[in-house]
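Labels below follow one simple rule: chain letters A, B, ... track the order of the sequence lines, proteins then strands, and each chain is numbered from 1.
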Protein chains: 4
Amino acid sequence: MGNIKIGLIGAGRIGRLHAANLRHRVVGAEIVAVADVSPEAAKRCAQELSIPSALTDPRRIMDDPQIDAVFICTSTDTHASLIEQAAGAGKNIFCEKPIALDISAIDRALEAVKREGILLQIGFNRRFDPNFHRAHDLVAEGKIGQPHVLRITSRDSAPPPPEYVKTSGGIFLDMMIHDFDMARYLMQDEVEEVYATGAVLVDPRIGELGDVDTAVVTLRFKSGALGLIDNSRRAVYGYDQRAEVFGEKGTIIVSNPKPDTAVLSDSSGDSGSPLYHFFTDRYTEAYIAEMAAFIAAIEGGKIPLVTGRDGKIPVVMGHAAKLSYEEHRPVRLTEIDPNLV
Amino acid sequence: MGNIKIGLIGAGRIGRLHAANLRHRVVGAEIVAVADVSPEAAKRCAQELSIPSALTDPRRIMDDPQIDAVFICTSTDTHASLIEQAAGAGKNIFCEKPIALDISAIDRALEAVKREGILLQIGFNRRFDPNFHRAHDLVAEGKIGQPHVLRITSRDSAPPPPEYVKTSGGIFLDMMIHDFDMARYLMQDEVEEVYATGAVLVDPRIGELGDVDTAVVTLRFKSGALGLIDNSRRAVYGYDQRAEVFGEKGTIIVSNPKPDTAVLSDSSGDSGSPLYHFFTDRYTEAYIAEMAAFIAAIEGGKIPLVTGRDGKIPVVMGHAAKLSYEEHRPVRLTEIDPNLV
Amino acid sequence: MGNIKIGLIGAGRIGRLHAANLRHRVVGAEIVAVADVSPEAAKRCAQELSIPSALTDPRRIMDDPQIDAVFICTSTDTHASLIEQAAGAGKNIFCEKPIALDISAIDRALEAVKREGILLQIGFNRRFDPNFHRAHDLVAEGKIGQPHVLRITSRDSAPPPPEYVKTSGGIFLDMMIHDFDMARYLMQDEVEEVYATGAVLVDPRIGELGDVDTAVVTLRFKSGALGLIDNSRRAVYGYDQRAEVFGEKGTIIVSNPKPDTAVLSDSSGDSGSPLYHFFTDRYTEAYIAEMAAFIAAIEGGKIPLVTGRDGKIPVVMGHAAKLSYEEHRPVRLTEIDPNLV
Amino acid sequence: MGNIKIGLIGAGRIGRLHAANLRHRVVGAEIVAVADVSPEAAKRCAQELSIPSALTDPRRIMDDPQIDAVFICTSTDTHASLIEQAAGAGKNIFCEKPIALDISAIDRALEAVKREGILLQIGFNRRFDPNFHRAHDLVAEGKIGQPHVLRITSRDSAPPPPEYVKTSGGIFLDMMIHDFDMARYLMQDEVEEVYATGAVLVDPRIGELGDVDTAVVTLRFKSGALGLIDNSRRAVYGYDQRAEVFGEKGTIIVSNPKPDTAVLSDSSGDSGSPLYHFFTDRYTEAYIAEMAAFIAAIEGGKIPLVTGRDGKIPVVMGHAAKLSYEEHRPVRLTEIDPNLV
């Protein structure tokens with residue numbers, strides 16, 4: 001079987017990361033074209049990774065009959081329409097999260113995917129992290145029986161620049177969206193209701209933009225299980241991502257992997273190295289596994305591990321959390337999307 | 001200086017535990033009388049611990065001029081009135097938590113304590129646990145700067161019998177009250193508002209009594225900091241008590257101490273012993289330190305580490321959480337006690 | 001059944017520790033007399049622990065018909081003869097380690113014990129530590145199959161004063177003797193040959209006295225298994241005692257228990273509290289369990305967990321290690337005691 | 001600056017591993033030819049990694065003027081002569097360990113390297129492991145002051161086939177050689193004397209070939225510090241590689257990194273995943289860093305992190321350990337190589 005031919009749209013940080021992984025770390029794929037609104041960015045990416053064609057217009061990727069799959073790594077506001085175009089062109093799609101901030105735009109995109117029968121995988125990379133993945137499998141194997149309580153802590157090492165915050169949709173839709181996905185993935189259950197509270201404790205400019213930088217959300221799942229998520233935009237000790245699933249027969253705790261295991265004990269006590277500071281270091285293996293899974297799904301004609309629906313629901317949860325925070329009351333997901341079953 | 005002479009009221013499990021610690025593990029105290037509504041219980045306790053006098057009427061302890069301090073270890077509904085009596089008799093008091101479920105009863109008891117100028121320490125033993133104590137000190141020393149997020153997990157190894165649940169005030173006032181105290185202790189801040197959610201996942205009989213066995217509460221502190229508490233009445237792997245204080249300069253995590261450090265690695269992985277299963281094992285050292293602190297406070301004329309106010313506020317928080325759960329909305333503490341500043 | 005009546009000989013640090021544990025922490029024992037060459041020491045100990053009789057002549061303990069058991073906590077050079085006397089008087093005996101530095105003195109003492117049919121327990125307290133005890137049990141249960149390699153690390157927090165070193169028999173007989181006992185206990189096997197090397201790296205005065213302060217010994221067991229022990233007289237980070245038993249089906253690692261579990265993570269990394277610094281803190285529970293075991297052995301007429309033979313063989317191993325170090329060659333235990341089977 | 005042009009000799013497991021890392025994970029290098037005695041092996045490797053030229057005769061690599069550096073990944077008995085040839089051709093060299101089992105062959109090879117002034121790096125990959133590397137740096141920074149005791153544990157997950165053992169030089173020269181290198185690297189000191197003992201506990205066929213499968217070695221360093229190494233050919237729980245450097249101001253412990261951090265706690269206790277089972281998984285990052293360091297050394301004209309001398313001394317130590325085991329006595333390194341200073 002020949003390589004899957006890929007066209008990459010968006011040669012920014014995450015696009016180049018995926019491209020490098022596809023080039024060097026994953027077998028069975030080949031990037032044949034890269035498009036970016038900036039011709040320099042496209043060219044530089046093409047050069048670095050020996051991609052034959054550097055473009056500005058994504059349309060040319062859609063129209064290229066040799067291309068099997070399209071990677072959408074552009075800014076969020078373009079995702080949904082590019083999905084519709086790529087689906088219309090019969091391409092399989094890998095799209096970065098979120099599909100869109102607007103639910104109806106997501107619905108239209110997913111409708112197109114369904115209609116065309118192509119395969120869509122959304123970029124919730126943490127599902128491919130070996131630590132969270134192992135926790136998921138232990139839950140799925142019934143090791144803790146019925147899950148009762150989910151706990152997720154997720155803290156960035158440094159806050160984004162205020163201009164990024166402005167267009168990001170805010171902490172619930174930009175940052176906690178990963179935890180909403182993780183909640184569904186680890187619990188294998190759907191959330192019915194959320195309650196959110198937040199505070200501006202890290203950077204007052206984030207508050208001036210109407211957002212918070214510290215947030216706490218509780219979840220109620222359909223099964224009756226409960227959940228807690230806490231987020232902070234700044235953990236000086238590093239990029240901190242932990243989870244716990246507690247259930248009737250036990251609990252599973254995922255702690256942070258460390259860059260090294262050396263521990264120094266001296267007269268002041270024990271000390272070890274700080275955590276990884278960047279998501280690219282923490283999730284190196286996850287990003288590779290995510291690419292491999294996408295290629296394998298295409299090759300095997302299988303349902304991807306992160307479907308369009310998996311891409312949509314965390315956005316609904318993010319809007320529900322935002323509304324809860326704004327109105328200071330618990331919010332059911334059906335208030336945001338009445339069609340959600 | 002002679003020993004502090006103590007009269008113990010209530011020779012149940014916790015009364016006998018304190019008495020044994022005072023007898024064998026703490027210097028400077030001497031129990032001279034024990035009273036219990038059951039003459040057999042009083043006699044047995046007196047015999048076991050060489051206490052000279054076994055009584056049924058606590059009044060005789062109040063009236064005994066040689067007695068410096070009274071221990072109130074009876075059922076909750078008698079605490080407040082016994083505090084008033086003991087204060088009226090000029091005795092220093094150690095009283096088990098909670099002072100009362102009724103806020104006005106607490107206020108009357110604390111009023112009497114204030115009026116008589118005696119010393120009152122409430123039995124929030126976890127403040128004396130070396131693990132939580134160390135976390136408190138690190139926060140107090142400014143190691144993490146301004147606290148931003150508090151996380152507490154507290155799970156019993158087995159649910160109480162339903163008849164106990166009936167009179168206990170429910171999970172928020174009986175079990176989570178310890179975590180409300182811990183929240184104030186670790187954060188050195190006051191809570192303004194709580195939001196509670198709960199579920200019956202462990203024992204349906206608890207639900208039939210109108211209580212829950214699994215609960216999650218979020219806290220908003222005066223400083224703006226946020227908190228999360230989760231409780232379960234049953235953790236099959238043992239008595240589980242953890243906390244984290246995250247702040248601007250770092251985070252402090254307290255995990256469970258283990259009965260032993262041996263780890264077996266074999267072809268199926270690494271494995272270690274389960275946690276302690278009983279609070280008496282987990283908090284052995286805390287109970288001793290609590291006694292020593294009370295004796296030291298009397299000897300030194302110092303304010304105890306757990307004051308009457310520290311005894312009251314967690315009850316207010318418990319009522320607020322209960323109301324929040326019942327009315328499905330965030331509740332401010334001033335709704336429960338408008339005088340709370 | 002009445003309490004076991006005990007006469008304590010030697011009211012120094014370890015004698016008072018055992019006495020306090022017998023008094024406060026163990027059920028079924030009663031110290032009725034304490035003897036010490038210093039009348040002040042005997043009196044002070046008696047007063048502190050409400051012991052009715054304070055003596056200087058141990059003979060009076062031997063002659064007291066109400067006394068069931070004698071504790072020998074004097075200086076090493078008196079142990080063997082006191083064992084002979086106590087055995088002759090028909091008393092059960094708890095004797096601190098080592099029985100003697102001279103093998104023939106040990107043999108005479110053990111002969112007397114055997115002849116009189118009394119019970120003798122030697123003070124190798126570490127067997128009662130819950131961590132090492134758990135490792136022993138896992139080995140005994142066959143969890144690792146046949147043991148292949150034993151590793152023991154044992155480091156004091158500070159070196160003893162040079163005058164102590166002078167009479168102690170040196171590092172192999174004074175300090176590593178505990179590890180030799182642990183080796184037999186954990187491996188449930190006997191050592192045939194040792195090879196020792198050492199260095200003076202901590203305190204030159206120790207070297208001037210002909211001893212070393214840092215030592216490494218390899219062991220060959222009868223089963224063919226191998227062992228490694230390393231000792232240092234000074235670990236600035238605390239009292240460090242670890243062990244590992246590796247075998248055909250796995251490995252068991254015992255690490256140090258910590259005074260608390262709080263971990264601070266800040267921009268410089270993770271840090272935790274130092275280890276315990278004193279053996280009395282590290283082995284608090286072990287000393288209590290040791291006393292309880294001795295009392296239980298008398299009450300039940302059972303063979304003690306640390307017999308006279310268990311007291312003798314580590315002394316033989318200590319002499320073999322010393323000879324190995326001096327002659328710079330491996331030494332078989334039968335070179336020291338040809339009768340050892 | 002153009003890429004370093006590389007010729008690879010030996011397309012076996014380790015050769016292909018380095019080649020894949022050079023191709024995909026390291027910037028600045030380009031493999032232009034691969035040679036193997038098996039033309040199929042050379043061809044397959046060339047195809048997989050897009051190497052332009054597949055050869056059988058290493059001479060053609062030596063003679064190719066465009067080639068800057070030669071990788072020697074053939075069987076041990078050919079290393080020394082290939083080094084001499086490559087040095088004679090003016091190529092920089094990366095050579096797998098050991099250079100040779102014969103000391104005089106090593107000396108001749110190192111002489112050629114010196115004479116030609118080319119750069120030689122030996123494949124002691126563990127120096128590039130982030131865990132051991134961090135320990136090394138902490139020692140070098142003086143965090144523990146003067147080192148006193150080194151402990152290394154090194155266990156394979158499964159024994160090699162007996163036919164491999166036959167030509168490997170035995171456990172001391174094949175397996176423990178890595179630990180001898182680690183000893184020098186971590187202690188930054190030279191070993192003067194070793195004492196070795198061993199046993200056949202894993203596979204009797206290894207014993208029939210005159211080798212052991214379980215070995216324990218003690219080291220005496222020039223500084224007076226002491227060391228212990230234990231090896232086993234089979235740890236059923238995985239590939240186990242740990243080290244500790246203990247010194248005057250503290251201790252540094254390197255434990256095993258784990259494939260994931262998930263821990264399950266249930267009624268039987270805590271359990272985590274097994275260790276990595278293969279050195280390629282455990283040392284993935286180390287192999288990449290090793291390649292990057294070699295390329296950087298060439299580019300910068302710097303002394304490599306693992307020199308020819310670093311390649312030689314562990315072989316001397318291996319012979320000393322073997323002799324010690326055979327003659328059952330401590331052996332000084334100068335007995336093996338009198339020229340060793």
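- D/Ala135 and A/Ala262 get closest at one heavy-atom pair: N-CB, 4.3 Å.
- In this structure, chain D has a heavy atom under 4.5 Å from the backbone of A/Pro259, while its side chain stays farther away.
- Checked against side chain to side chain contact (heavy atoms under 4.5 Å, CB included), A/Ala46 has the following partners two or more places apart in sequence or in another chain: A/Val34, A/Ile51, A/Ala54.
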Only pairs under 3.5 Å, no angle test: what donor-acceptor pairs are there between chain D and chain A?
residue	atom	partner	partner atom	Å
D/His24	ND1	A/His24	ND1	3.3
D/Asn131	OD1	A/Thr261	N	2.8
D/Asn131	OD1	A/Thr261	OG1	3.4
D/Arg134	NE	A/Ser273	OG	3.0
D/Thr251	N	A/Ser265	O	2.9
D/Thr251	O	A/Ser265	N	2.8
D/Ile253	N	A/Val263	O	2.9
D/Ile253	O	A/Val263	N	2.9
D/Ser255	N	A/Thr261	OG1	3.3
D/Ser255	O	A/Thr261	OG1	2.7
D/Thr261	N	A/Asn131	OD1	2.8
D/Thr261	OG1	A/Asn131	OD1	3.4
D/Thr261	OG1	A/Ser255	N	3.3
D/Thr261	OG1	A/Ser255	O	2.7
D/Val263	N	A/Ile253	O	2.9
D/Val263	O	A/Ile253	N	2.9
D/Ser265	N	A/Thr251	O	2.8
D/Ser265	O	A/Thr251	N	2.9
D/Ser273	OG	A/Arg134	NE	3.0

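- Each of D/Ile252, D/Val254, D/Val263, D/Val245 has some count of heavy-atom pairs under 4.5 Å with chain A, and the biggest count is that of D/Val263.
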